[in-house]
Amino acid sequence: MNTIGHFQYVCMKTNRFLSNADCSPLKKMQRLMHTEHNNLRKPSSRVEPVPARRASLACVAALLLAGCSGDTHLSFLDPQGPVASAQRWHFVEALAVLVVFVAIPVFAITPWILWRYRYGAKSSRYTPNWNFYGPLEIASWAGPVVIVVLLAIIVWRDTHALDPYKPLASDQPALRVQVIGYDWKWLFIYPDQGIASIGVFALPAGRPVAMQLTSATVMQSLHIPALGSQIYAMGGMVTQLHLQADRPGRSLGENNMYNGNGFHQQRFTAVAMTPEGFDAWASEVRSSGIALNEQILKVISQRSTRAELNAALSQPRSPDGNFYFSGATAALFPAVVMATMGGTMVAPAKAPQEPANTAAPAARKPAAPATEKVQ
Amino acid sequence: MNYEAIKHPGLNLGSAHGRDHDAAEGMVFGFWVFLMSDAILFSMVFATYVTSVGATAGGPGPHELYDIKSVFIETLLLLASSFTFGMASLALKYKHGTARLIGWLAVTLVLGVAFLGFELHDFASMFSKGAVPSRSGFLSAFFDLVPLHGLHVTGGSIWLICLVGQIAMYGVDTQVKLGLMRLALFWHFLDIVWIAIFSVVYLAGLT
Amino acid sequence: MIEQTRDGGDAATRKLEEQKEFHSYVWGIALALMLTLAPFALVHWAAMPGLSLLSVIGAFALVQMVVHFRFFLHIGFWQKREDLQLILFSTLLLVIMVAGTIWIMASLAMRMTLPAQP
Amino acid sequence: MNLSDILQQPLGRMSPESLPFWQMLHDPTEGNVINGVIATGAASMVVIGAIIAVALITKYRKWGVLWSEWLTSPDHKKIGIMYVVLAFVMLTRALIEAALMRSQQAFGLGGGFLSPEHFAQLFSTHGTIMIFFVAMPFLTGVINYAMPLQIGARDVSFPVLNSISLGLTAAGAALVMISLCIGKFSTGGWFGYPPYTEASFSPGVGPDYWIWALTLASLASTLSGINFAVTIYKERAPGMKLMYMPLFTWTALCTSIIMIFAMPPLTVATAQLALDRYLGFHYFTNEFGGNMMHFVNLFWLFGHPEVYILVLPSFGVYSQVISTFSGKALFGYRSMVMATTAIAILSFGVWLHHFFTMGQNANINAVFGIASMLIGIPTGVKVYDWMWTMFRGRVRFTVPLIYSIGFIYLFVLGGITGILLANPTIDYQVHNTVFLVAHFHNVAIPGALFGLLAGYHFWFPKAFGFRLNERLGMVSAICWIFGFMLAFFPLYALGLMGLPRRSVAYNEPSYVPLEIAAFLGAILLTVALVTLVVQLWVSIKHRDENRVFVGDPWDGRSLEWSVSAPPPEYNFAVIPVVTGRDAFTIAKEAGNAYQLPDTYADIEVPKNSAMGPVLGAIGLALAFGLVWHIWWMVILFFAAAVVTMIVHGFARDTNRIVPAQQVRQEHRRWFDAVAAAKAISREDERKSANQGLAEQALPGVPA
Ligand code: HEA
Ligand code: HEA
Ligand code: CUA
Ligand SMILES: [Cu+2]
């Protein structure tokens, strides 16, 4: 199987279905350079000797995939979906209240007092023992109370409206995605499509996405600012997140919870595509992705950045820094959750230490399908 | 109307002790504050336990491990020791002489040590059933909470021995009195913690 | 402190005082024994259904703690002094912390189990 | 751990590889060399610094003085000063680390010069040190110094315990310093979340250093808290009702209460983590029913109240400073007291706002979000009452007042961003981005540290008998304020642009200008710190021109100003009787501020005690043994600790008498100085004419 070829193709598709068309060559170059930079920065030396031919192909693929990144949306202030734009609105509301009613009064009155009642201003009134005046006291308490009540109302409203567990209202069924946090990459599984990806999180624009998250390692936090909330992913546990992109485009995705040396490289691109584009992409990946088997999973679960992962695979499989998998099943995600809980999950290859206590051989065996849920 | 209401509440030396009684004021209050800090410590360990009861990870749970009879005996021992310490406090306060004071303290110590013995026996039998702390989150939490109390009792016992030693050396002087008052508070406080333990851990675990 | 010298000086008063205190200890141990025996018995003979048994155990424990404070630690409500305030304040914080923890952890536990896979 | 292990590994898991230059020598890649050189440089600074200190003390034969006058002294004033010195030493390191981090990020587009691991160590040690070994010792020191004087007490309730607290804090600090030289500190940040810090993910000594340093520090803080609270409850001068206490004492009381009740959750969290790491328990592991969310919950049960421990004493300082330099009683004293206690109590009910994003339900998030905002109410009352205190006053722009004004402005901004973070909806976006980093520096630096700096300038003349150089103080204050703005405001923008905290590098070119601005800010802050050091040096050099032995250079209002500067070891020759708030002002107005008593009495003070330094040393050795699994050391020093405490219990005759004769002499000497001094007006308070006697002439213009 001509892996590289497949990948080029997949990338091309990914790209084509992006209707975002403003890609200036300069920006392409920029993006390309950064991808490259990324690849060269990783600490492990295993990855350095990328054969030249492959490298150039990698460039092509990277260009194709990342080319129109001209505008990778970084922030919820530049929202790409309903959740982020509601959050922006909430932010603006709260900020406005605070600036107008808290900051401006203090900032305006303080200098006035300081000037009027400076030591040199002998003519201003001086009342050395004046230490109580009821109305002023009451106002000092009442002002903040009113502000807090105001804010509390919007907090109550929006916290419930934007609970990340709450499915988004839509006439379309949500796309199911299962996310597993590995050290230092996210694996996105599309159980209904039978595919998975690392480095790219593709989603159809206009359709809600229902995510379940867990971690195969330490605590992590999935965050795509331009689309919506962040949420922790933890071993043995499942958290949920609902997002939606309104229009095609790419957004920055990252991990916000420090988890070791590769932390800052645990980024990905959320690529919103047209619905048809998404379907075509999915079927492309299904037919040409790497088969997601035991062995590959094992490599993924090592502590590695994407570049290191690429090098660790028996042959490098990712010309563009991303990975696409076929044969992903719905069973994988629960298996990881259970494994972490029951005690069979491998800690990173570097580490495993026997628990100090060996008196309980029974403890080494995986727990029976854990009905005792970890709280 | 008695002087306790006038001086600090809680355990008291009484005005017959003059300057010692005054000296106790700050000391005893300080010790109360420490106890309250300790209470928060225990409460956090309790919270860990309560929220980890289900986390047996396929290992043994309360029903397989707890032995109600043993716990009952431990409870009685501790209760009795609280009473005997009370008697020691009275002997101190009403000046019944060093011999009686030391006598009651000794009884208290014996009861405390017996309690520890039973507790250790409990732990040993749990271990023999494979219920070691590293077996599960639940057992970790158990072996945090109950032995923490046991450690406190151990510390109290050592303190008690030291105080008896000080009595032997210096007689019942100010520092011994202050020490005994604080130890009394400590001992009764541990009793209260034990009430929470037998209720929340053992009895609730066995229902 | 006039009261002090008077109390302290008078041997008869002191005797009376001692009697009272002794009785208080006896009361304490008697009540504590009862309050211990009852829940143990209930659990041992499984005399009640689970949930109500739990609340009964809890109630007995609380009462017994109050008994200990009252009879062994000599803390009473008539004293308007630091120790009582301190204890009540500590209890307040303790309740906030423990109740909050349980509330939070319970919610998390409920929301983080693996949903049934379709 | 059995006997043969102990014998076979007398040094536990220590090996040459634990040295900072090992990796550089054995695998000299460019990155390793850069990081190795920096690490080795830092380690040598510690070692050389220690050697120089030892050499100087030996050269000037100061060991005896150091031991008998300082280390073993139970005097709260000396202990307070030693705390501040400790804070300053640790600050130097933490500040260098901060500067390194800012430079790294300024060049962090796609790389930078530090390895990710090195960077992780920087933010972890920086955070840990700043919180536990700079801010905490600093405020504990200031409280120690000023509070007993303010309430008219001879000392704290438990002077030896006070010295033990200092010993344990210093031991914790020393442990962190040792981690520079041998082995590595944790990379888990200042809150060290598991499972990352569990043995399976961080098998090295790092988290163990963190655990034991925090354990020592938190133990010390609990003891300090108890000590202060009891002192305030039991040692007040006759007549000083709670409602007569100066506001700084009130904030000290509330801080102590928080220390007493907030440290236990931290102790539980670190102890459980230690059990996980040492004995294979499963509190927070991924496996066997462990649950890391417990740790998060426990840590913030401590962590949130902790930030109010940091800020409350500074609030107290601002209250004293603003009222003193406005020549006016504090406005709304009752409100201020209520607000302070309200903050202390509320601080126990908001911890969840540090993990809104963990997945609990919306009710919980909303309740805790609103509870967090509630803290804005009492805080706001305080801000307004400070403003009303200056209103209709005569505001003198001294250095402490400049800090206070900088504080009012910047803290309101920081508080506002805190309120924004308290909106769960917003927090879902900015949690763990550098927006959060900007928030907490914005409250911690102007809130806590400016206050302590104001207090440093305010009380320095009291503690050492001469004033600090005013002009350099001003320069430094201005640098702090503007340096702060330049260093941290850009981080708000960066956070909103999606930069996660703790990122060693990033890929967005658009971050660069902001990062550079922040870098320049950090430089300005360093200038501020250097100015501060120069100021101290210059002031010491010119100390004779700036003596204020009489003791009241600022026309102070509370009792600490009523005694000589520096005060005698027993503080008050005669315990004052208090009849109202601002006790010293009342006395000055009544014209009886300086009076000779008819008789003097013997004064009982505690004898010196070696408990503090000895227990500190034992604690350090014990912790070190634990970190490196040197079991013989652990056993030995654990036993030593127990024995020491038992022996201490057997000690008698722990007090000594200062004879009335000596008290009389010292008091007379001071009194003569008062009589000889010229009372000066507030115009001249920053000139050398100021000998510490304030003119009472200011005619109050009637309201
Ligand atoms: C009190 C707390 C405190 C203080 C003062 C500071 C001060 C500074 N901090 Fe700190 N910082 C933290 C607490 C603090 N920090 C914490 C908790 C973290 C999180 C760690 C983690 O991630 O886990 C952090 C993290 C942190 C980061 C990492 C951000 C990230 O995660 O990406 C950075 C990056 O540059 C930084 C920078 C700075 C700078 C430039 C300063 C200073 O240069 C600012 C100037 C202030 C001073 C220099 C101190 C002033 C004090 C005095 C002047 C006292 C004088 C003494 C006497 C007179 C005796 N800090
Ligand atoms: C000195 C330290 C200090 C102080 C005083 C504060 C004060 C406040 N903090 Fe801050 N905070 C920290 C130190 C501090 N914080 C640290 C170190 C962290 C991060 C730890 C880490 O993750 O490493 C943090 C993190 C933090 C978070 C968690 C964010 C996250 O992890 O995502 C939140 C969320 O609610 C928060 C909120 C607040 C609030 C509401 C206040 C309030 O107390 C502020 C109140 C003040 C005002 C509001 C201004 C003055 C008021 C008025 C003028 C009156 C009118 C105003 C109103 C009525 C609103 N803080
Ligand atoms: Cu391809 Cu734009
Ligand atoms: Cu907080």
Side-chain angles (χ1 to χ4, degrees), chain B residues 1-12 14-18 21 28-29 32-33 35-37 39-40 43-44 46-48 50-52 54 68-69 71-72 75-76 79-80 82-83 85-87 89-90 93-94 184-185 187-189 191-192 195-196 198-200 202-204 206-207, chain C residues 1 3-5 7-9 13-15 17-18 20-22 24-26 28-29 32-33 35-37 39-40 42-44 46 48 50-51 53-54 57-58 60-61 64-65 68-69 71-76 78-79 81-84 86-87 89-91 93-94 97-98 101-102 105-106 109:
Chain B
M1 189 69 228
N2 58 37
Y3 40 80
E4 275 147 51
I6 298 162
K7 269 299 177 185
H8 50 92
L11 296 186
N12 253 283
S15 55
H17 291 260
H21 183 54
V28 172
F29 183 62
W32 267 111
V33 179
L35 287 183
M36 292 301 110
S37 185
I40 301 283
S43 77
M44 288 345 297
F46 269 106
T48 311
V50 170
T51 49
S52 306
I68 192 167
K69 291 201 191 80
V71 178
F72 187 62
T75 308
L76 291 185
L79 262 180
S82 241
F83 182 74
F85 210 128
M87 293 306 103
S89 301
L90 288 183
K93 181 169 174 183
Y94 296 102
L185 292 180
W187 203 267
H188 296 310
F189 166 77
D191 224 9
I192 294 177
I195 297 171
F198 80 65
S199 305
V200 173
Y202 291 109
L203 293 185
L206 288 173
T207 41
Chain C
M1 304 250 150
E3 211 115 5
Q4 235 183 69
T5 29
D7 274 303
T13 332
R14 279 170 52 73
K15 189 80 201 154
E17 197 56 47
E18 183 179 355
K20 233 175 80 190
E21 264 190 67
F22 177 71
S24 144
Y25 277 108
V26 175
I29 186 87
L33 274 176
L35 290 164
T36 305
L37 266 172
F40 270 95
L42 286 177
V43 172
H44 189 60
M48 272 172 134
L51 202 62
L53 185 50
L54 277 184
I57 294 173
F60 272 114
Q64 195 178 351
M65 287 184 191
H68 278 239
F69 271 114
F71 293 100
F72 293 158
L73 286 158
H74 305 265
I75 296 291
W78 61 89
Q79 290 148 329
R81 290 283 300 266
E82 288 98 350
D83 302 53
L84 180 61
L86 176 74
I87 291 166
F89 180 72
S90 311
T91 313
L93 293 185
L94 196 148
M97 289 174 163
V98 172
T101 299
I102 292 174
M105 297 314 287

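All chains are named by letter (A, B, ...) in the order of the sequence lines, taking the proteins before the strands, and each is independently numbered beginning at 1.
Partners of S43(B) under the side chain to side chain donor-acceptor pair (under 3.5 Å) rule, at least two apart in sequence or in another chain, do not exist in this structure.
Proximity to chain C (any heavy atom under 4.5 Å) is shown, for S199(B), by both the backbone and the side chain. Heavy atoms of L35(C) lying under 4.5 Å from chain B are absent altogether. L35(B) does not touch chain C: none of its heavy atoms, backbone or side chain, sits under 4.5 Å away. With a 4.5 Å cut-off on non-hydrogen atoms, V33(B) touches chain C through its backbone and its side chain both.
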Step by step, would you call K93(B) with E21(C) a salt bridge (charged side-chain N to carboxylate O under 4.0 Å, His left out)? CA-CA 11 Å; K93(B) 181 169 174 183; E21(C) 264 190 67; 2.5 Å; yes
Test log, rule side chain to side chain contact (heavy atoms under 4.5 Å, CB included), inputs M87(B) and F22(C): CA-CA 8 Å; M87(B) 293 306 103; F22(C) 177 71; 3.5 Å; yes
Working for side chain to side chain contact (heavy atoms under 4.5 Å, CB included), residues L73(C) and I192(B): CA-CA 10 Å; L73(C) 286 158; I192(B) 294 177; 3.7 Å; yes
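S90(C) and I40(B) make their closest contact through O-CD1, 4.2 Å (heavy atoms, listed as atom of the first residue, atom of the second, distance). For the pair T207(B) and I57(C), the tightest heavy-atom approach, listed with the atom from each and the gap, is CG2-CD1, 3.9 Å. For the pair A47(B) and T101(C), the tightest heavy-atom approach, listed with the atom from each and the gap, is CB-CG2, 4.0 Å. Here the closest non-hydrogen pair linking L79(B) and A32(C) is CD2-CB, 3.5 Å.
We find the OG-CZ distance between S82(B) and F71(C) to be 13.5 Å, quoted to the nearest 0.5 Å. Note: L33(C) CG to L76(B) CG = 6.5 Å, rounded to the nearest 0.5 Å. One finds the CG atom of L53(C) at 8.0 Å from the CG atom of L203(B) (value rounded to the nearest 0.5 Å). Atom CD of E17(C) is separated from atom CG of L90(B) by 10.5 Å, given to the nearest 0.5 angstrom.
F89(C) is not listed as a side-chain neighbour of M36(B), based on a closest heavy-atom distance of 4.5 Å or more. Inter-residue side-chain proximity for I87(C) and W32(B) is flagged as met; some heavy-atom pair is nearer than 4.5 Å.
Between F198(B) and F40(C), the ring-plane angle classifies as tilted under the 30° and 60° cut-offs. By the 30° and 60° cut-offs, the orientation of the rings of F83(B) relative to Y25(C) is perpendicular.
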